[in-house]
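Just below is one structure, and these are the notes that go with it.
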Amino acid sequence: MATRYDPSVIEPKWQKIWDEVHCFEAEASHDKPKFFPLIEFPYPSGAGLHVGHPRSNTALDIIARKRRMEGYNVLYPIGYDAFGLPTENYAIKTGMHPRIVTEQNIARFRAQLKRLGFSFDWSREINTTDPSYYKWTQWIFLKLYEHGLAYKAEIPINFCTSCKVGLANEEVVDGVCERCGGEVVQKVRSQWMLKITDYAQRLIDDLDTVDFIDRVKVQQRNWIGRSEGAEVLFTVDGLDKTIKVYTTRPDTLFGATYMVISPEHTLIDELCELGKLENVDEIKAYREAAARKSDFERGELSKEKTGVMLKGIMAVNPVNGTKIPVFTSDYVLMGYGTGAIMAVPAHDTRDYDFAQAFNLPIIEVVSGGDITKEAFTDCETGKMVNSDFLNGMEVNDAKKAMIDFLEEKGIGKRKVNYKLRDWVFTRQRYWGEPIPLVHCEHCGWVPLPYEQLPLTLPEIEDYAPSDDGSSALARATEWIKTTCPKCGAPATRETDTMPNWAGSSWYYLRYIDPNNDDALADKSEMEYWLPVDWYNGGMEHTTLHLLYSRFWHKFLYDIGVVPTAEPYQKRTSHGMILGETGEKMSKSRGNVINPDEIVDEMGADAFRLYEMFMGAFDQPIPWSTQGARGCKRFLDRVWRLQEMLSDETGIRKELACAVNGTIKKVGEDYERMKFNTAIASMMSLVNDIYAKGDVTKDELTVLLTLLSPVAPHIAEEMNEILGNSEPLYKAKWPQYDESALVEDTVELAVQINGKVRARITVANGADKETIEQTALNNADVKALTDGKTVRKIIIVKNIVNIVVA
RNA sequence: GCGGGUAUGGCGGAAUUGGCAGACGCGUUAGAUUCAGGUUCUAAUAGUCGCAAGGCUGUGCAGGUUCAAGUCCUGUUACCCGCACCA
């Protein structure tokens, strides 16, 4: 009677229906409770969708579909994060306009995503490269500029010699460019910077107000890298100069036996000018050598400490007046703290190594270790020694006492430091948002008036950056020439563009009101929809993207644009899908699975089902096409349930426990993202039905409803064939009957001294006495307890443990 | 080095507060159905001893707590991810 299960027919059929009836679009009305799930919008690369995208998308599609059935107004949006290097590089190679490349890639992604049947609200699709979108990216940048959070700085940047582009620290991996693997060198360039450091403390504190999985919070905190300590002023002996250091160990100040300043430290220049240095040539040579090294190389050489003494000067330890030498060494970084340290070799491993190499004194000020062997860095067990008024104190008390002392004397103060650095916000690239500022000889940097946004990219022929490292825009002479919005004099435009992180830092806001031309989103809409209720994405974006977008959101909150302090209420992460042999999927390994091929072979439903069934959602997991076929087989089994329809109706007693138990299990497991066990329980129910031999329409409808968030097409089709009046996209999520979960009788395992020896069946709710007697009268139990003393009988759950001796 | 994670059959993985280890699926084996099978159905499938009934051993490793430990405690090993001279 029933036709064969053919996903290639029913999947396009239902996708068309869903499109036509607009059933997955968010409702304009604010009457219902809202639910706003979010997945990281894809970068539309030329390679097309990979199997990682559907993992995240399906997971939240399941939640979104379930929420709709539970009566929520759901906004599950999709868009494309389309500015950036891969597209531009492809455009340079082929001569195609990056816009065309982007359009083609988006068309491919859209088609692939639609084939998988996600319940996105396609009416709100966004694209970061659309001028009507980046108008608001530029608007936010101007607001940041207006509030002093965007500034230009001459700073050494990481420069990829291959991409010819400045990279943020986070884009340099293992000393090479994250994208192309090219060599990265230091280059000084004038860059736009965003003062994310102003928000460091709030970015830490507000993690307490959101529901992010722990490891994400930990990573955010580590990245921000807060430390508490003190700033201490050392003087240069005989000169009116000071060296400010930052230390987390002010307690060890009496143990400082030398100082080290970074090779880039300005004190070197000042001392040169004063003619105080006896070995200027040596120092300058060292400085130049350090400049040639990248941060990575400086880190690589961590074993061997190098440096040069600043001959001719001595520093003075402010707490005891001791004169100590000053060195410059590249193990002290200009970018952290003050670029200068007091060295306490007895209690810092790096200082210890350096002191050993340069034969410098090592003075113990915290007892408890053996400083002839290694630095003693433990703060918990040691006691202060050789430290005047600190002697005998615990380390942590000594820290406080020393800071109080420094503040009292005016030679230092309490200080909190962060590893987080300001965000390098410019790229010397064509395919990014133009920075809407002009440079005027008279007025300096002047922002474009808001009404002139968007500042669109000019049409040019060649998108490659120039060899000097400036963007292709630097050659768009007509576009560059403009007039100063302030004084009307001739002025030039900024030719750098924004980094890829810009558009993705606020995209969730645009989904709320994607076509608004007067604001990035309407206020009352934001009040209804914000914050994002559930954000899922990869672990690779849990530091940078998440931090950047939280920063922007907080800024927008501060200036009254958004109504919440945090953008995302809940953040989860899916594990990466690895190749069949457990290695990372990559083009070079040739182990990439193309979703299209899987859908061609077994359909979108089986593909979705497998991606959710393959293993724990948050763990990395190898792909198995064979495993996917198993999921297709399960759907075949579900399809054939149509041939087993019974004339009876309702949920029959024999299946009541299984059916209601599955409703409970599936509902709970979806919420906890335990998709694998939810699906396992549905498989079990199907096995139960097969064992029974028939199924009622009502029983099958429950199963289809539970299955529909994962495998929506087959569920809808079978629901229709069953003759149910409403399609599943209008259905209610089933409720379970608690009383049906209780069986009449229960089987108990009887243990003797903790080992299972027998099984007994008793009436559900039987009293202790009855259970004990039943157990003791069991033949197997009797045989084993005969002649022994029963010490104790413990009855817990489904276990009876008889302790005998 | 620091931070985080993981360890269970041939494989992916299950296992509320400690309570029957191996659910569910893959693979494999046997049988049935089929002209055929990359179909379907039935059965078996941790190891080991045994003809069998049944016994013993088993959750990286070594101890411990408990009537009872994959789960808790102490120590230890391996692998994965992130950060890395952050003073």
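- If you check B/U34 for Watson-Crick or wobble pairing at under 3.5 angstrom, you find it has no partner at all.
- The residue A/Val796 sits close to a base: some heavy atom pair falls under 4.0 Å.
- Per the geometry, CZ belonging to A/Arg215 stands 7 Å off C1' belonging to B/G5, to the nearest Å.
- Nucleotide B/G27 has B/U45 as its partner under the Watson-Crick or G-U criteria, with both atom distances under 3.5 Å.
- Between A/Tyr258 and A/Phe354, a ring centre-to-centre spacing shorter than 6.0 Å is recorded.
- Under a cut-off of 6.0 angstrom, the local environment of CD in A/Glu228 is sparse, with at most 12 non-hydrogen atoms contributed by other residues, nucleotides or ligands.
- Among the atoms of the strands shown, base atoms are found under 4.0 Å from some heavy atom of A/Asn801.
- In this structure, the separation between CG on A/Asp214 and NZ on A/Lys217 is 6.5 Å, given to the nearest 0.5 Å.
- Positionally, the nearest nucleotide of RNA chain B for A/Gln219 lies more toward the 5' end than for the other of A/Gln219 and A/Asn417.
- The phosphate of B/G27 (OP1 or OP2) has no side-chain N or O of A/Arg629 nearer than 4.0 angstrom.
- Distance, A/Asp348 CG to B/C2 P: 14 Å, rounded to whole Å.
- Proximity note for A/Asn798 (side chain, C-beta onward) versus B/C20, B/G4, B/A87: the nearest is B/C20.
- Rounded to whole Å, the C1' atom of B/A15 lies 10 Å from the corresponding atom of B/U8.
- For A/Val332, the side-chain atoms get nearest to B/A87 when compared with the rest of B/A87, B/A14, B/C20.
- For A/Ile799, the side-chain atoms get nearest to B/G19 when compared with the rest of B/C41, B/A87, B/G19.
- Side-chain atoms of A/Ser329 come within 3.5 Å of backbone atoms of A/Thr306 as a donor-acceptor pair (strictly under, hydrogens ignored).
- With C1' as the reference atom, B/U6 and B/C56 are 31 Å apart, rounded to whole Å.
- Looking at heavy atoms from C-beta onward, A/Lys632 lies in side-chain contact with A/Tyr5 at the 4.5 angstrom threshold.
- To the nearest whole angstrom, the two C1' atoms, one in B/U45 and one in B/C24, are 15 Å apart.
- At whole-Å resolution of the value, CE in A/Met673 and P in B/A14 are 15 Å apart.
- For the P atoms, the distance from B/U16 to B/C67 is 23 Å, rounded to whole Å.
- Taking atom CZ of residue A/Arg221 and atom C1' of nucleotide B/G4, one finds them 13 Å apart after rounding to whole Å.
- Under the Watson-Crick or G-U wobble criterion, with both distances below 3.5 Å, B/A7 is paired with B/U77.
- Side-chain nitrogen and oxygen atoms of A/Gln626 include at least one within less than 4.0 Å of the OP1 or OP2 phosphate oxygen of B/G27.
- Side chains of A/Arg759 and A/Asn778: no donor on one and acceptor on the other come within 3.5 Å.
- When heavy atoms are screened at a 4.0 angstrom cut-off, A/Gly630 is found touching the sugar-phosphate backbone but no base atom.
- The backbone N or O of A/Ala758 lies less than 3.5 Å from no partner atom in the side chain of A/Asp780, so there is not a single donor-acceptor pair.
- Checking side-chain atoms of A/Thr338 against main-chain N and O of A/Lys244 turns up a donor-acceptor pair under 3.5 Å.
- Nucleotide B/C20 forms a pair with no other nucleotide shown, judged by Watson-Crick or G-U wobble geometry with both contacts under 3.5 Å.
- Nearest to the side chain of A/Thr248, among B/A87, B/C24, B/C85, sits B/A87.
- Atom C1' of B/U71 sits at a distance of 16 Å from the matching atom of B/G60, rounded to the whole Å.
- Contact annotation: A/Arg640 side-chain N/O to B/U39 OP1/OP2 distance is not under 4.0 Å.
- A/Glu601 comes within contact range of at least one nucleobase, with a heavy-atom separation under 4.0 Å.
- Counting non-hydrogen atoms under 4.0 angstrom, A/Ala616 reaches the backbone sugars and phosphates but no base.
- Base pairing annotation: B/C72 forms a Watson-Crick or G-U wobble pair with B/G64, both donor-acceptor distances under 3.5 Å.
- The side chain of A/Arg637 places an N or O atom within less than 4.0 Å of a non-bridging phosphate oxygen (OP1 or OP2) of B/C41.
- B/A23 and B/C73 have their C1' atoms separated by 29 Å, with the value rounded to a whole Å.
- Shown here, B/A52 forms no base pair; nothing in the strands shown gives a Watson-Crick or G-U wobble contact with both key distances under 3.5 Å.
- Atom CZ of A/Arg226 sits about 13.0 Å away from atom CG of A/Leu420, to the nearest 0.5 Å.
- Distance from the side chain of A/Asn687 is smallest to B/C24 among B/C24, B/G19, B/C26.
- Across the protein-nucleic acid pair, A/Asp353 atom CG and B/A87 atom P stand 16 Å apart, rounded to whole Å.
- A close approach under 4.0 Å does not occur between any side-chain nitrogen or oxygen of A/Tyr246 and OP1 or OP2 of B/A87.
- To the nearest angstrom, P of B/G82 lies 12 Å from CG of A/Leu544.
- When the side-chain nitrogen and oxygen atoms of A/Arg757 are compared with OP1 and OP2 of B/G55, one or more of them lie within a distance under 4.0 Å.
- Looking at heavy-atom distances under 4.0 Å, A/Gln751 makes contact with a base.
- Among B/C24, B/C67, B/A15, the nucleotide with an atom closest to any side-chain atom of A/Val803 is B/C67.
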request  = Given side-chain contact (heavy atoms from CB on, under 4.5 Å), test A/Gln201 with A/Ile224 step by step and report yes or no.
outcome  = CA-CA 8 Å; A/Gln201 191 59 49; A/Ile224 297 168; over 6 Å; no
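- Comparing B/U57, B/C67, B/C20 by their closest approach to the side chain of A/Arg759 singles out B/C20.
- Distance CZ (A/Arg4) to P (B/U40): 12 Å, rounded to an integer number of Å.
- Taking only side-chain nitrogens and oxygens, A/Lys415 never comes nearer than 4.0 Å to OP1 or OP2 of B/A87.
- Residue contacts shown for A/Thr247 are limited to sugar-phosphate atoms, with no base heavy atom under 4.0 Å away.
- When the nearest nucleotides of RNA chain B are assigned to A/Ile679 and A/Gln619 by heavy-atom distance, the more 5′-ward of the two goes with A/Gln619.
- Dashed line: the shortest gap from a side-chain N or O of A/Asn676 to OP1 or OP2 of B/A14 is under 4.0 Å.
- Of the candidates B/A15, B/C20, B/A87, the closest approach to any side-chain atom of A/Lys674 belongs to B/A15.
- Side-chain N/O atoms of A/Lys305 and base N/O atoms of B/C85 include a donor-acceptor pair closer than 3.5 Å.
- Across every strand in view, B/C83 sits in a pair with B/G1 that passes the Watson-Crick or G-U test at under 3.5 angstrom.
- In this structure, A/Arg633 does not reach the B/C41 phosphate: none of its side-chain N or O atoms is under 4.0 Å from OP1 or OP2.
- Residue A/Phe613 contributes atom CZ, which lies 10 Å from atom P of B/A14 at whole-angstrom precision.
- Nearest to the side-chain atoms of A/Ile621 among the listed nucleotides B/C20, B/A23, B/G13 stands B/G13.
- Taking the P atom of each, B/C26 and B/A43 are spaced 15 Å apart, rounded to whole Å.
- If you take atom C1' in B/G22 and the same atom in B/G75, they sit 28 Å apart, rounded to whole Å.
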